Amino acid sequence: MFRFAKVPTYLLISALLSSSFTVSANNSNSLPEIGTTAAATLTIEKGQEYGDAYMRMLRASQPVISDPLLSEYVQDLGLRLVANADSVRTPFNFFMIQNREINAFAFFGGYVAIHSGLFLYAQSESELASVVAHEIAHVTQRHLARSMEDQAKKSPMTMAALVGSLMLAIAAPEAGIAAIHATTAASMQGQINYTRSNEKEADRIGIATLAKAGFEVKAMPRFFGRLADQYRYASKPPAMLLTHPLPEARVSDTRNRASQYPNVRLPLSEPYQLTRARIVARYAGIESEAALDWFNRKMKKASPQMKQALNYGKALVYMDSGKYQQAHALLDPLIAAEPNNRFYIDSATDLDLFQKRYDSAVNRLEKALRQNPNNSVLRLNLAHALQESGLNAGSISILTRYTYDNPNDSNGWSLLAQAYAATGRRDGELASRAELMALRGQWDKAIKNYIQASQIVDINSLDQARYDARIDQLRLSRERFANLQ
């Protein structure tokens, strides 16, 4: 698979914008009443605007993982849970951030972020799903909006300061953090306590969603209990446990609630194990030798199916280290046994391209697409393989349609910019890079790129009309973004 550039990591402002999973406490035995949906304070539509703005900021400031296989997995898992959740009033989008901290958080607009570190700790798909279901409940119950409404009732001026700081943080994260500390320090403890009072509600609703979606409900208390046990006496626990302790009361509550459901034990989830192996190999931030050691240690007690996923992870490490023969020795049996497995197809394509076997890569992907013509992973892989083969016109054809279908996927725009550059289409390259800038909220740069593209093409041409229309759209988006501040 093609590689993605890493972006610098800055401080998240999830204290304002998210109801975080970061194992929080609740010493109360009673659940808060759902009551109002906080529409008077923040409408769902306005929340979606805030969520879109914050997502653009995250793309510009956080190492959001753009790996198509991982994106497909977390989106499929999340939407399976959403399909079985109650009170869903907004679309949901699930994505990953490369961060070894055990964490997940949800924010306005139905966005749910999952740290890659969570996969290193969750031992099963149901454990991961329990965390995601918990975050979905924060969104469906509008916990952030309800918290803001509660603060507004107590002190309207404090609420105004909170919203003002939040909007400032959307436009300028570091300034926003400073503003939060300066204007809301006196009331933030109340904000945090209110958020903590939502945790049991999110656990309760999350467990119900897990059950309806067919996951193991006991995975939630199992995950919580293991986390609490591991760090209870640690001299240096994770930062999130210092600010959000996980008391035995909460573990016991989830255990009691889970016991009310039938005891379900699911077989090993191959997609989860392959996703986990891919993260260890490429997104855990460890050297290749350390990754190989992790896989080899797991191999000693692994089941046959688990060994397949571990061998896949080892093959990735060998491939990324330029040891193609060792990678072939592990990957070839896997793809022979499961020729339609997209994880294996993706890696076999990588091997072909690294070894300049372009026809083999293209043929494999075209065959796979005939069986699954709309799959994003396969379409992007084929576009990339065609580029590596020098067939940029074919790549542009695929990517033009792909970016129309998936305008928020940076992979499509990045590949399209490369294909246009290779063919000397400067206007197309500028326009594609403008879309990447817009996804990061860099409106001025995006508009400048489109203006340059419009100036290059023939006057009164269809391309110029299209570019000028997009300039108008981006200016409106910039204005809406500014009005949120």
Side-chain angles (χ1 to χ4, degrees), residues 1-22 48 50-79 91-120 128 131-132 135 139 169-174 176-177 275-276 278-285 346 376-377 380 384 402-403 406-417 432-443 445-446 481:
M1 194 65 194
F2 44 90
R3 299 293 181 263
F4 308 96
K6 295 182 180 179
V7 296
T9 303
Y10 300 106
L11 188 63
L12 273 175
I13 59 167
S14 55
L16 272 181
L17 287 170
S18 71
S19 295
S20 176
F21 168 72
T22 52
Q48 289 175 328
Y50 292 162
D52 175 74
Y54 188 47
M55 187 69 232
R56 292 178 194 274
M57 189 188 75
L58 282 179
R59 293 191 191 104
S61 63
Q62 290 290 312
V64 174
I65 295 177
S66 298
D67 187 311
L69 277 166
L70 301 186
S71 297
E72 180 182 62
Y73 174 78
V74 297
Q75 186 73 358
D76 286 349
L77 175 70
L79 293 181
F92 273 81
N93 290 279
F94 301 86
F95 63 98
M96 290 182 60
I97 292 176
Q98 186 173 352
N99 190 318
R100 294 185 68 180
E101 284 288 322
I102 306 166
N103 197 13
F105 61 92
F107 57 94
F108 294 132
Y111 289 92
V112 178
I114 302 168
H115 280 200
S116 56
L118 189 56
F119 285 82
L120 305 180
L128 174 67
V131 176
V132 178
E135 295 305 322
V139 176
I170 286 177
E174 294 179 356
I177 292 293
T275 297
R276 193 184 193 206
R278 190 175 182 90
I279 289 171
V280 172
R282 288 183 170 168
Y283 300 99
D346 174 275
S376 297
V377 173
L380 287 170
H384 178 240
Y402 181 86
T403 52
N406 304 275
N408 293 325
D409 187 350
S410 61
N411 296 316
W413 294 115
S414 180
L415 282 173
L416 189 56
S432 299
R433 297 199 183 284
E435 294 299 337
L436 286 170
M437 295 167 184
L439 286 175
R440 301 179 185 122
Q442 298 168 343
W443 305 111
K445 292 181 179 180
F481 191 87

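For clarity, every value in this text was computed on a predicted model and none was experimentally measured. The analysis underlying the following values was restricted to heavy atoms, covering all of them including side chains, and did not include hydrogens, waters or symmetry mates. Numbers here simply count residues along the sequence, with the first being 1.
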Practice item. Let me see the working for Y283 and L70 under side-chain contact (heavy atoms from CB on, under 4.5 Å), right down to the final yes or no. Key: CA-CA 11 Å; Y283 300 99; L70 301 186; 3.6 Å; yes

Practice item. Take V112 and N93 through the side-chain contact (heavy atoms from CB on, under 4.5 Å) test and state the conclusion after the steps. Key: CA-CA 6 Å; V112 178; N93 290 279; over 6 Å; no

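A distance of 7.5 Å separates CG in N99 from CD in Q62, rounded to the nearest 0.5 Å. Between R440 atom CZ and K445 atom NZ the span is 9.5 Å, to the nearest 0.5 Å. The structure places CD of Q48 at 8.5 Å from OH of Y111, a figure rounded to the nearest 0.5 Å. The structure places CG of D346 at 4.5 Å from CG of L69, a figure rounded to the nearest 0.5 Å. Considering CG of D52 and CG of L439, their distance stands at 9.5 Å, rounded to 0.5 Å. Considering CG of L380 and CD of E72, their distance stands at 10.5 Å, rounded to 0.5 Å.
Side chains of L416 and W413 form a contact here, defined as non-hydrogen atoms less than 4.5 Å apart. Within the 4.5 Å cutoff, the side chain of I97 has no heavy atoms near those of the I114 side chain. Using a 4.5 Å heavy-atom cutoff, the side chains of N411 and H384 are not in contact. Annotation: side chain of N103 is not in contact with side chain of L118 (no heavy-atom distance under 4.5 Å).
Residue Q98 comes nearest to S116 through the heavy atom pair CA-OG, 3.5 Å, listed as atom of the first residue, atom of the second, then distance. Among all heavy-atom pairs drawn from V139 and A106, the shortest one is CG2-CB, 3.5 Å. The heavy-atom pair separating R276 from L120 by the smallest distance is NH2-O, 3.2 Å. The heavy-atom pair separating T403 from G412 by the smallest distance is CG2-C, 3.6 Å. Closest non-hydrogen pair, R278 versus D67, comes out as NE-OD2, 2.8 Å. Of all heavy-atom pairs between M55 and V64, the closest is CE-CG2, 4.5 Å.
Side chain of H115 to backbone of I102: no donor-acceptor contact under 3.5 angstrom is found. A donor-acceptor pair under 3.5 Å is absent between the side-chain atoms of S414 and the main chain of S410, judged by distance alone. Using a distance-only test at 3.5 Å, with no hydrogens or angles considered, a donor-acceptor pair links the side chain of N406 to the main chain of Y402.
Across F92, Y50, Y54, a single residue satisfies ring pair (Phe, Tyr, Trp, His ring centres under 6.0 Å) together with F107, and that is Y54.
Partners of D409 according to the salt bridge (Lys or Arg N to Asp or Glu O under 4.0 Å) rule, which considers only residues two or more places apart in sequence or in another chain, do not exist here. By the ring pair (Phe, Tyr, Trp, His ring centres under 6.0 Å) test, F119 is found to be paired with Y272, residues two or more places apart in sequence or in another chain being considered.
Relative ring orientation between F105 and F95 is described as perpendicular, the plane-to-plane angle rising above 60° on a 0-90° scale split at 30° and 60°.
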